[in-house]
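Data block below; observations after.
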There are 2 protein chains.
Amino acid sequence: MEAVRQVDSAPMFSIGELAREFDITTRTIRYYEDQGLLAPIREGRRRLYRRRDRARLKLILRGKRLGFTLGEIRETFVLYDQAHGESRQLQYYLGVLDEKREQLQQQRRDIDDALAELEQSYARCQELLSRQNTDGAG
Amino acid sequence: MEAVRQVDSAPMFSIGELAREFDITTRTIRYYEDQGLLAPIREGRRRLYRRRDRARLKLILRGKRLGFTLGEIRETFVLYDQAHGESRQLQYYLGVLDEKREQLQQQRRDIDDALAELEQSYARCQELLSRQNTDGAG
DNA sequence: AGGAATGCTAACGTTTACGTAAAGGGAACT
DNA sequence: AGTTCCCTTTACGTAAACGTTAGCATTCCT
């Protein structure tokens with residue numbers, strides 16, 4: 001047997017499969033669960049990850065690539081899950097989203113700046129090299 | 001006297017001034033120096049930061065906003081400072097820059113994805129609210 | 001001159017995000 | 001039956017990035 005599957009044929013994953021797929025350790029995945037970021041179902045003692053668990057893991061890893069802490073990532077999950085209720089909750093959620101958008105846009109500006117500077121360095125570097133190859137050759 | 005200045009009128013900053021300007025603690029700034037990221041000059045025991053020290057601090061903070069570690073940031077500084085020499089160094093530097101570009105572009109994709117999802121959540125949230133205001137009123 | 005503000009070093013404390021054993025259960029291959 | 005995987009919990013260890021406290025020197029203000 002390769003992939004763990006349920007009777008209803010909904011795709012399920014073992015912790016090892018996910019670890020291999022995303023190139024992280026099983027320890028890391030368990031730690032995320034410990035921190036309230038994942039909630040796989042159990043088959044006996046074993047963890048079974050559904051599609052949505054796998055999707056959340058993807059979101060966690062993307063968040064990490066962007067420099068967010070696990071705490072920040074968890075908060076977005078909690079908020080998202082709570083955003084199906086009263087008007088006050090929804091209003092609050094909208095505010096949080098506004099802040100997040102601000103932050104992401106700032107990050108994009110930072111990235112664009114960094115990329116621009118990188119290209120300048122790249123060009124200067126190439127110039128130096130081509131000069132060395134031209135007048136340094138004997 | 002407000003800003004610390006040298007005889008030659010080159011603008012200099014105290015650690016406190018920089019801390020206030022960038023909304024960080026002096027401890028943080030000293031820590032960056034400890035980690036080899038900053039190298040202010042001394043006037044007796046006191047640190048004096050030149051324009052380039054301030055510029056580096058800006059770069060550090062931008063790097064941090066993008067989720068880079070202080071170690072990664074230091075490496076870019078070291079490489080940049082060394083990139084004025086032999087062909088081999090320059091070649092190596094170009095390779096590093098290629099990797100950095102890859103990474104930054106990945107991050108931009110992540111951000112764009114995150115922003116797109118955020119806008120979807122935003123729209124759904126607003127829809128829910130407008131519905132509540134419409135058929136919930138009476 | 002006396003106090004407040006600023007700066008210094010040294011050192012211990014703290015949070016985050018895991019790494020790394022240790023000790024064991026259960027299935028499967030030989 | 002023995003070994004090999006894969007999974008489990010528990011728990012101690014660790015690197016990074018500062019926070020915090022202590023004790024002391026300067027400098028500014030009044």
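Letters go in sequence order (proteins before strands), and every chain restarts at 1. Not measured: the values here are computed from a predicted model.
- In terms of phosphate contacts, A:K64 brings a side-chain nitrogen or oxygen within less than 4.0 Å of OP1 or OP2 of C:dC18.
- The distance from atom CZ of B:F68 to atom C1' of D:dA16 is 16 Å, rounded to the nearest whole Å.
- D:dA17 atom P lies 9 Å from atom CD of B:E72, rounded to whole Å.
- With D:dT8, D:dG19, C:dT9 as the choices, the nucleotide that has an atom nearest any side-chain atom of A:R30 turns out to be D:dT8.
- Of the options B:R108, B:K64, B:R62, B:R65, a salt bridge (charged side-chain N to carboxylate O under 4.0 Å, His left out) to A:D110 is made by B:R65 and by none of the others.
- Considering only side-chain N and O atoms, A:T25 lies under 4.0 angstrom from the phosphate OP1 or OP2 of C:dG19.
- Taking atom CD1 of residue B:I15 and atom C1' of nucleotide C:dA5, one finds them 15 Å apart after rounding to whole Å.
- Taking atom CD on B:E17 and atom C1' on C:dA5, their separation rounds to 14 Å, with Å as the unit.
- Ranking D:dA16, D:dA25, C:dA17 by closeness to the B:R45 side chain, first place goes to D:dA25.
- Residues A:Q91 and A:R88 bring no donor and acceptor atom of their side chains to less than 3.5 Å of each other.
- For A:R42, counting side-chain heavy atoms from C-beta on, the closest listed nucleotide (C:dA17, C:dC8, D:dT8) is D:dT8.
- For the side chain to side chain contact (heavy atoms under 4.5 Å, CB included) test with A:L18, the passing option among A:I29, A:I24, A:T26 is A:I29; the others fail.
- Among the protein residues, A:T26 comes within range of no part of the nucleic acid, since none of its heavy atoms lies under 4.0 Å from any strand.
- No hydrogens or angles were tested; on distance alone, a donor-acceptor pair under 3.5 Å links the side chain of A:R27 to the base of C:dG19.
- Within 4.0 Å of A:R46, counting heavy atoms only, lies at least one base atom of the nucleic acid.
- In this structure, B:I29 atom CD1 and C:dT6 atom C1' are separated by 13 Å, rounded to whole Å.
- Summarising the geometry, the separation between CG on B:D34 and P on C:dC12 is reported as 15 Å, rounded to the nearest angstrom.
- Applying the 4.0 Å criterion to OP1 and OP2 of C:dC8, one finds that B:R47 has a side-chain N or O inside that range.
- A cation-pi contact links B:R54 to B:F13, judged by a cut-off of 6.0 Å to the six-membered ring centre and 45° from its axis.
- The side chain of A:Y32 has C:dC18 as its nearest neighbour among C:dC18, D:dC18, D:dT9.
- Straight-line distance from the CD1 atom of A:I73 to the C1' atom of C:dC18: 14 Å, rounded to whole Å.
- Distances from the side chain of A:T28 to the nucleotides D:dC6, D:dC18, C:dC18 place C:dC18 closest.
- Atom CG in A:L37 sits about 10 Å away from atom P in C:dC18, given to the nearest Å.
- B:V78 and B:L37 sit in two unconnected hydrophobic clusters of ILVMFWY residues. Membership requires side-chain heavy atoms under 4.5 Å apart, directly or through other members.
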